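Structure first, commentary second.
Note that the structure is a prediction, hence the values are computed from the model and not measured.
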2 protein chains.
Amino acid sequence: MKSSVEPLKARRIYLLLRDRIVAGDLPPGGRLPGEPALAAEHAVSRVTVRRALDLLEKEGLVQRKPGSGTFVHDSRAVRPIVADLSNVLSHLIDMGRSTDVKLLSFGYVAPPEAIAESLGLKPGERVQRSVRVRLIDGEPFSYLTTHVPEWLGLTYSEAELAARPLLELIERSGVKTERATQAINATLAGPEPAAALDLEIGSPLLTLTRIVHDPSGRGVEHLHALYRPDRYSFHMDLVRIGDDGERRWSPALGRPRASETAKTDKNKAGEKPTRGSRAIKQRS
Amino acid sequence: MKSSVEPLKARRIYLLLRDRIVAGDLPPGGRLPGEPALAAEHAVSRVTVRRALDLLEKEGLVQRKPGSGTFVHDSRAVRPIVADLSNVLSHLIDMGRSTDVKLLSFGYVAPPEAIAESLGLKPGERVQRSVRVRLIDGEPFSYLTTHVPEWLGLTYSEAELAARPLLELIERSGVKTERATQAINATLAGPEPAAALDLEIGSPLLTLTRIVHDPSGRGVEHLHALYRPDRYSFHMDLVRIGDDGERRWSPALGRPRASETAKTDKNKAGEKPTRGSRAIKQRS
DNA sequence: CGAAGCTGTATTATCCATCATACAGGTTCC
DNA sequence: GGAACCTGTATGATGGATAATACAGCTTCG
């Protein structure tokens with residue numbers, strides 16, 4: 001185990017710089033402020049700034065040139081996968097990229113109350129719980145926890161779950177899946193997801209919680225998915241509908257545009273760097 | 001000042017326990033293991049466990065009873081506001097809740113390259129940049145950064161932006177907004193958003209990036225929104241469409257069900273006085 | 001060339017998260 | 001009542017992260 005405790009301020013600065021890089025705020029190939037400037041800007045010592053830059057360099061986001069400066073690596077290789085609303089990745093497979101699934105856990109347990117409630121289970125009813133990780137080109141990008149009522153889970157084997165989509169197995173059993181509700185949110189990575197997704201604890205994650213119902217309204221699947229935001233994001237096209245009184249956006253249906261896959265402009269949690277504030281005297 | 005650096009192990013345990021609570025693994029009202037037990041389980045000192053519990057208590061997730069134990073708070077009151085796909089909150093207003101907008105920043109600047117590209121601007125073209133914070137019942141829940149081409153931004157004033165929805169101002173100018181694309185992702189809070197949203201730096205945030213186009217395909221608005229995940233989340237209903245070969249989920253259109261979800265979050269009042277800036281009532 | 005700026009490296013001192021331990025006071029339950 | 005829990009609080013010790021400072025070698029540019 002790594003008993004070496006991770007830095008705090010260093011990590012903070014690392015995250016901030018990383019966000020600005022992936023957001024395109026610091027253009028690829030561009031030089032970022034010098035270590036003394038960064039140290040002053042964030043009110044930390046230069047040693048700490050170096051720690052943050054070490055992390056960025058180790059991840060290949062940044063390239064350091066002694067005597068010259070630190071530069072954003074040109075090939076921002078880490079473009080997120082794009083999934084449409086319905087969470088469809090099929091166009092990725094068309095593109096020749098391979099997705100694999102690792103089954104981390106499989107078993108029958110008593111469900112947490114919240115899940116039992118959302119599936120409409122009777123008290124005492126058990127569920128099949130599985131944890132899977134999806135990989136694209138060998139890299140993990142999602143951490144899936146599913147709960148399925150026991151009577152339904154028993155219609156397929158552990159090996160089948162590891163090999164085929166869960167929804168396919170459910171429908172094979174004769175259950176019709178017509179409706180679902182889902183919620184998208186954000187959270188921080190706990191120890192298990194962090195390890196499975198090859199992330200640091202405390203990294204941000206996209207979450208998707210989906211509850212699938214059969215036509216009678218009975219819950220048949222509870223899916224909780226965690227996504228690495230640097231490798232996955234939800235995209236959708238919207239059209240403006242409604243007449244003048246109440247116009248609003250509505251998702252544009254139709255085939256997911258297999259258009260240019262990604263035009264990532266993610267986000268910037270940070271803000272504009274106030275330029276021109278330099279002039280730090282590190283020397284006496 | 002808050003130079004108080006966050007703990008590491010304490011934060012780890014905090015995240016662990018938090019995940020188990022929100023997942024329903026530890027049922028509401030239940031008592032969680034005693035501090036000595038937790039300390040032994042995670043191989044840390046009791047002081048560290050207490051730090052983690054302090055965080056949970058401050059967030060209202062647990063309640064401590066001296067001499068008795070630490071309990072999961074019954075009413076997990078902090079239910080996020082629910083917005084449907086199109087980011088519509090109208091049902092909240094129907095419910096009598098008030099949303100306000102604070103304009104934090106307004107000005108004309110040279111756009112970051114990523115934004116210029118997504119709006120299809122010519123080199124050298126400037127944009128109007130604004131930063132707003134939305135509040136519900138006085139509590140901030142979203143941090144909006146918008147970029148609008150200068151020629152369009154000049155058709156309205158700063159005061160108008162603070163008082164009316166941006167899209168309404170754009171349409172008033174004669175520009176037709178028919179299409180948009182958006183992406184949903186997750187990130188960590190940087191210093192400015194954290195301060196505006198009354199959060200710690202490094203808190204998780206939901207992000208929404210939307211680019212609005214006019215019928216000719218010209219970009220007219222770049223919206224970057226950050227949402228507090230504990231106060232806001234995206235919900236949607238899905239239906240299963242397509243014939244047998246390729247069945248998939250598709251968003252169910254129609255009015256967003258005024259679902260059970262939004263309840264008043266009884267957060268501890270008082271805390272941070274919202275910083276003095278204008279707060280204007282505005283419809284979603 | 002030479003000044004200015006940059007990264008790489010080293011040293012010392014300080015701060016703070018964590019540990020280990022002890023004790024006080026409340027609750028639960030037999 | 002009293003044993004066995006629990007949370008609240010205080011103590012000192014320790015190690016790692018951070019700060020402050022100094023200097024080396026490199027690149028860029030006038």
Side-chain angles (χ1 to χ4, degrees), chain A residues 1-17 26 29-58 60-73 200-202 273 275-284, chain B residues 1-17 26 29-58 61-73 200-202:
Chain A
M1 304 318 218
K2 57 165 166 194
S3 62
S4 73
V5 194
E6 318 155 15
L8 302 139
K9 299 188 180 178
R11 177 179 175 80
R12 180 138 89 206
I13 293 170
Y14 154 73
L15 288 170
L16 287 178
L17 289 176
L26 296 168
R31 193 183 126 260
L32 37 87
E35 292 171 6
L38 288 173
E41 180 181 345
H42 297 97
V44 297
S45 81
R46 207 185 126 211
V47 188
T48 306
V49 168
R50 294 201 102 255
R51 287 258 259 278
L53 294 178
D54 287 342
L55 290 174
L56 289 172
E57 187 180 30
K58 198 170 58 180
L61 281 173
V62 125
Q63 194 173 357
R64 298 165 108 162
K65 296 182 179 172
S68 177
T70 303
F71 301 84
V72 179
H73 200 106
E200 299 292 321
I201 290 176
R275 271 222 13 73
S277 69
R278 65 157 86 227
I280 299 83
K281 290 287 169 260
Q282 286 277 86
R283 324 173 22 168
S284 51
Chain B
M1 311 310 287
K2 60 134 191 215
S3 65
S4 72
V5 196
E6 320 158 10
L8 306 138
K9 301 188 179 177
R11 181 176 179 80
R12 178 134 89 208
I13 294 170
Y14 154 73
L15 287 171
L16 243 178
L17 292 175
L26 297 168
R31 190 182 132 264
L32 36 87
E35 292 171 5
L38 287 173
E41 178 182 346
H42 299 99
V44 297
S45 80
R46 207 185 128 215
V47 187
T48 306
V49 169
R50 295 200 102 255
R51 288 262 258 283
L53 294 178
D54 287 343
L55 290 174
L56 290 171
E57 187 181 30
K58 198 170 60 180
L61 281 172
V62 298
Q63 192 172 356
R64 300 164 107 163
K65 294 182 180 172
S68 177
T70 302
F71 300 84
V72 179
H73 199 101
E200 299 292 320
I201 290 177

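- The interatomic distance linking B:Y14 (OH) with C:dA17 (C1') rounds to 18 Å, in whole Å.
- Distances shorter than 4.0 Å separate some side-chain N or O of B:R50 from OP1 or OP2 on D:dG8.
- Considering only heavy atoms from C-beta on, A:V62 stays 4.5 Å or farther from A:L17 through its side chain.
- Of the candidate nucleotides D:dT18, D:dA19, C:dC19, D:dA19 has the atom nearest to the side chain of A:V44.
- Rounded to whole Å, the distance from CD on B:E35 to P on C:dT18 is 15 Å.
- A sub-4.0 Å separation between OP1 or OP2 of C:dC6 and a side-chain N or O of A:R31 is present.
- Between the CG atom of B:L16 and the CD atom of B:E41 there is a distance of 8.0 Å, given to the nearest 0.5 Å.
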Response to the item:
Contact string for nucleotides 24-30 of chain D, one letter per nucleotide 5' to 3', B = base within protein heavy-atom range under 4.0 Å, S = sugar-phosphate only, - = neither, reads -BBB---

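- Between A:E35 and A:R64 there is a salt bridge, since at least one side-chain N of the basic residue sits less than 4.0 Å from a carboxylate O of the acidic one.
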Item to complete: List the steps and the verdict of side-chain contact (heavy atoms from CB on, under 4.5 Å) for A:H73 and A:L61.
Response: CA-CA 5 Å; A:H73 200 106; A:L61 281 173; 5.7 Å; no

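- Between A:L38 atom CG and C:dT7 atom P the separation is 8 Å, expressed in whole Å.
- The phosphate of D:dA19 (OP1 or OP2) has no side-chain N or O of A:R46 nearer than 4.0 angstrom.
- Here D:dA17 presents its P atom at 16 Å from CZ of A:R12, a figure rounded to the nearest Å.
- Rounded to an integer number of Å, the gap from CZ of B:F71 to C1' of D:dC6 is 9 Å.
- Mapped onto DNA chain D by nearest heavy atom, A:T48 and B:P36 fall at different nucleotides, with B:P36 at the one closer to the 5' end.
- The shortest heavy-atom contact between A:A10 and A:A52 is O-CB, 3.4 Å.
- Contact check for B:R51 versus B:R11: no side-chain heavy atoms found under the 4.5 Å cut-off.
- The A:R64 side chain lies nearest to C:dT7 when the options are C:dC19, D:dT18, C:dT7.
- The side chain of B:V47 lies closest to C:dC19, out of C:dC19, D:dA19, D:dG8.
- For the pair A:L32 CG and C:dC6 P, the computed distance is 11 Å after rounding to whole Å.
- Side-chain atoms of B:R51 lie closest to C:dA17 of the nucleotides C:dC19, C:dA17, D:dA19.
- Going from atom CD1 of B:I13 over to atom C1' of C:dC19 covers 13 Å, rounded to whole Å.
- Considering only side-chain N and O atoms, A:T70 lies under 4.0 angstrom from the phosphate OP1 or OP2 of C:dT7.
- Pairing each heavy atom of A:P33 with each of A:L38, the nearest pair is O-CD1, 3.6 Å.
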